[in-house]
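The structure appears below as structure tokens.
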There are 2 protein chains.
Amino acid sequence: MSKLRSAPTLDDVAKRAGVSTATVSRCLNDPQRVIAATRERVMSAVDALGYTPNFAARVMAAKRSFTIGAIIPTMENAIFARGLQAFQEEIHLRGYTLLVSSSAYKPEVEEEQIRTLVARGADGLLLIGHDRDDRIYDYLDRQKVPAMVAWSFIPEKRMPSIGFDNRQAMKALAEEVIGLGHKRLATISGITQGNDRARLRIEGIRDAMRSNGLSPDTLMTIETPYEIENGAEAFRQLMASDHPPSAVLCGNDVLAVGAVRQAELMGLRVPGDVSITGFDDIELARIVHPALTTLHVPHREMGRKAAAGLIEMIESNASGQSIQLETSIVTRTSLAAPG
Amino acid sequence: MSKLRSAPTLDDVAKRAGVSTATVSRCLNDPQRVIAATRERVMSAVDALGYTPNFAARVMAAKRSFTIGAIIPTMENAIFARGLQAFQEEIHLRGYTLLVSSSAYKPEVEEEQIRTLVARGADGLLLIGHDRDDRIYDYLDRQKVPAMVAWSFIPEKRMPSIGFDNRQAMKALAEEVIGLGHKRLATISGITQGNDRARLRIEGIRDAMRSNGLSPDTLMTIETPYEIENGAEAFRQLMASDHPPSAVLCGNDVLAVGAVRQAELMGLRVPGDVSITGFDDIELARIVHPALTTLHVPHREMGRKAAAGLIEMIESNASGQSIQLETSIVTRTSLAAPG
DNA sequence: ATCAATAATGCAAGCGCTTACATTGATGCT
DNA sequence: AGCATCAATGTAAGCGCTTGCATTATTGAT
């Protein structure tokens, strides 16, 4: 039986280079602490053996993983893609690695994922929105894992957040719609349970109605998961009512795309017969016909700033600063004055 | 100074429950090995302390992580989303967790990601396509980490693969196009370097031309990264040539969407003035106007089967079986006989 | 009751790394 | 030349868990 060759360890490298494991470790983590000659000897041993450090061992010994976890509600559509991409680029630049998991918009799943990521030694967490059980925040405190909230900006909440004011943003869009003369408004919202963003967007519409002399009670509202098909079905229901709306404000672009396509199927002209708006300004918004008038969210900026803020929290043990970002209305063709 | 309360360990739980750490460990990993009374005592200690096992320590001791890594070329568009989702659902069902990272279609980045995932203790890897340096496969062998290739099916390659025959599939689509009477063909392909799928798709078109009396040399080809804008730009170039093609076969739906939109911008009618086809059948393909005639790939089935195959490899130390999946042509409206 | 067989639990040795502290060697002063 | 300093390296103690083996408790058959 020859000795089974398995993955080389620090020890193997040390032996081959004729130094102690401490020196090898230093070569890898803090090269200037070891003299050039030794370093070269060690590095060539590393190459020769094809050594890769064992991450688990490293995390355990150093109690530091240079890993940041992100739990996003979904990977299925592009809502979070761009922001997350920017987030990951930024942390990569600063020597961190991103671990992503998705919760499918389910609070229990999210909690499990948070625990998993923490157990895996994540140095910090990126969370979407503020809504979650206090137990989770307690847990994070106890484990001393800093977390940053994105896609929402509510400075008075327990966690620092980098995002935009969902309510204000949607209010602005709704005022635009109302300003065009629309009086019968409807909204297709995401599920509001456990989702502050969705809830605040609806509130924003009501705010706009209120301040423009429309009763917020007349807002027709359907809640449904963020899927194109659901947007379509909700739109069908809305338009099948006795007093169909003249404008449908959707909680995001995915729902809006569903609505637009359903309109086409039903032979309704957008915006001729009914106006439709989105939220997020993802790629889809430009591609669908007619292109969506929607709310532009500075996804990349948000991702980048969230990364910077979170790393700041990790490295200087600070408590984290909230930052508000500006959104803007993107005018395309799915919104017009009522016909 | 009071003792700083930090994350509880197995030891804390053991003390509180009045048992050894071994028993606690068994409670967590193999509950029926410990008698009910003890188990309850232990579990309530776990609850009381809010204990979460330290993953790094566990991996290190057990040399098993129940984690599977996947490296996909991009998360930016939906090409891999559905398949990956199915993959993750399946492994979750079997008690594994997914770690995803994206390589941005860059071989060096992919190699780094593979090493990272292995160092993190991944029990197995999902890789996209076969094209990569042998060094990587050697590394995987040495580390004894099984890997499964998806999105491609080439049974004679070093790694088992679950996917479809990219060449055959594209050939079928090209024959459809040629059958309609198209003679001036062009293709907008992804970057072929390090991407067997892209390369084989082009080959498929040439095959179809050959067997239908067209010279494969007349195929106009542009290679460009998989982005909508690039598809648009490539299409512009193609149509600006002296003999513009009557049909443009795109390497995937993303490029095709770019082409379709550019056509609109240029005032060209699709398929009246020029036909355009896609590949993958992602959501976008249905949403764009005109909807894309494209190649449907059984993403979910592929994801599921890749998961099953990989776990089989992990758990029974088997060498892995390749499986070929069938694709089909989805006829929508972007393809018609030349005007 | 008694004893073998078996079930439940405990003991303790690692897993592969980092790092505080100890040691050694080199350098520059006087 | 002698000594304080500091740079380079080594020593070894963990990090929190799993698991092979040893020990003790329980069970059933005689």
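Here the structure is a predicted model, which is why all the values come from computation and not from measurement. In the text below, chain A, chain B and the rest are named by the order of the sequence lines, each starting its count at 1. Hydrogens, waters and symmetry mates play no part in the numbers below; they use all other heavy atoms, side chains included.
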Using a cut-off of under 3.5 Å, enumerate the N/O to N/O pairs linking the protein to nucleotides 8-10 of chain C.
| residue | atom | partner | partner atom | Å |
| --- | --- | --- | --- | --- |
| C/dT9 | OP1 | B/T38 | OG1 | 2.2 |
| C/dT9 | OP2 | B/I35 | N | 3.0 |
| C/dG10 | OP2 | B/S20 | N | 2.8 |
| C/dG10 | OP2 | B/S20 | OG | 3.0 |
| C/dG10 | OP2 | B/T23 | OG1 | 2.6 |
| C/dG10 | N7 | B/R26 | NH2 | 2.7 |
| C/dG10 | O6 | B/R26 | NH1 | 3.4 |

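- A distance of 8.0 Å separates CD of A/Q32 from CZ of A/R39, quoted to the nearest 0.5 Å.
- Under the ring pair (Phe, Tyr, Trp, His ring centres under 6.0 Å) test applied with B/F80, the options B/F87, B/Y226, B/W151 reduce to a single match, B/W151.
- Nearest to the side chain of A/N29, among D/dG16, D/dT18, C/dT18, sits C/dT18.
- Following rounding to the nearest Å, A/F66 (CZ) and C/dC17 (P) show an atom-to-atom distance of 17 Å.
- Taking atom CG of residue B/N54 and atom P of nucleotide C/dC17, one finds them 16 Å apart after rounding to whole Å.
- A salt bridge is defined here as a Lys NZ or Arg NE, NH1 or NH2 lying under 4.0 Å from an Asp or Glu carboxylate O, and A/E111 with A/R135 meets this definition.
- A donor and an acceptor atom, one from each side chain of A/S316 and A/E312, are located under 3.5 Å apart.
- The side chain of A/S25 has C/dT19 as its nearest neighbour among C/dT19, D/dC15, D/dC17.
- Here B/F55 lies out of heavy-atom contact (under 4.0 Å) with every strand.
- B/R64 forms a cation-pi arrangement with B/F66, by the criterion of a distance under 6.0 Å to the ring centre and an angle within 45° of the ring axis.
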Candidate pair A/T116 and A/E112, rule side chain to side chain donor-acceptor pair (under 3.5 Å), full reasoning: CA-CA 6 Å; A/T116 303; A/E112 191 199 320; 4.7 Å; no
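- Between the P atom of D/dC17 and the CG atom of B/L10 lies a distance of 4 Å, rounded to the nearest Å.
- Comparing C/dC17, D/dG16, D/dT19 by their closest approach to the side chain of A/P53 singles out C/dC17.
- One can place CZ of A/R64 at 24 Å from P of C/dG16, the figure rounded to the nearest angstrom.
- Between B/R158 and the choices B/L140, B/D138, B/V149, the side chain to side chain contact (heavy atoms under 4.5 Å, CB included) rule is met once, by B/D138.
- Residue contacts shown for B/T9 are limited to sugar-phosphate atoms, with no base heavy atom under 4.0 Å away.
- Atom CE in B/M60 sits roughly 13 Å away from atom P in C/dG14 (whole-Å rounding).
- The separation between A/K63 atom NZ and D/dG16 atom P is 5 Å, rounded to whole Å.
- Computed from coordinates, the B/K15 NZ to D/dG16 P distance equals 11 Å when rounded to whole Å.
- As a whole-Å value, the separation of A/D30 CG from C/dC17 P is 18 Å.
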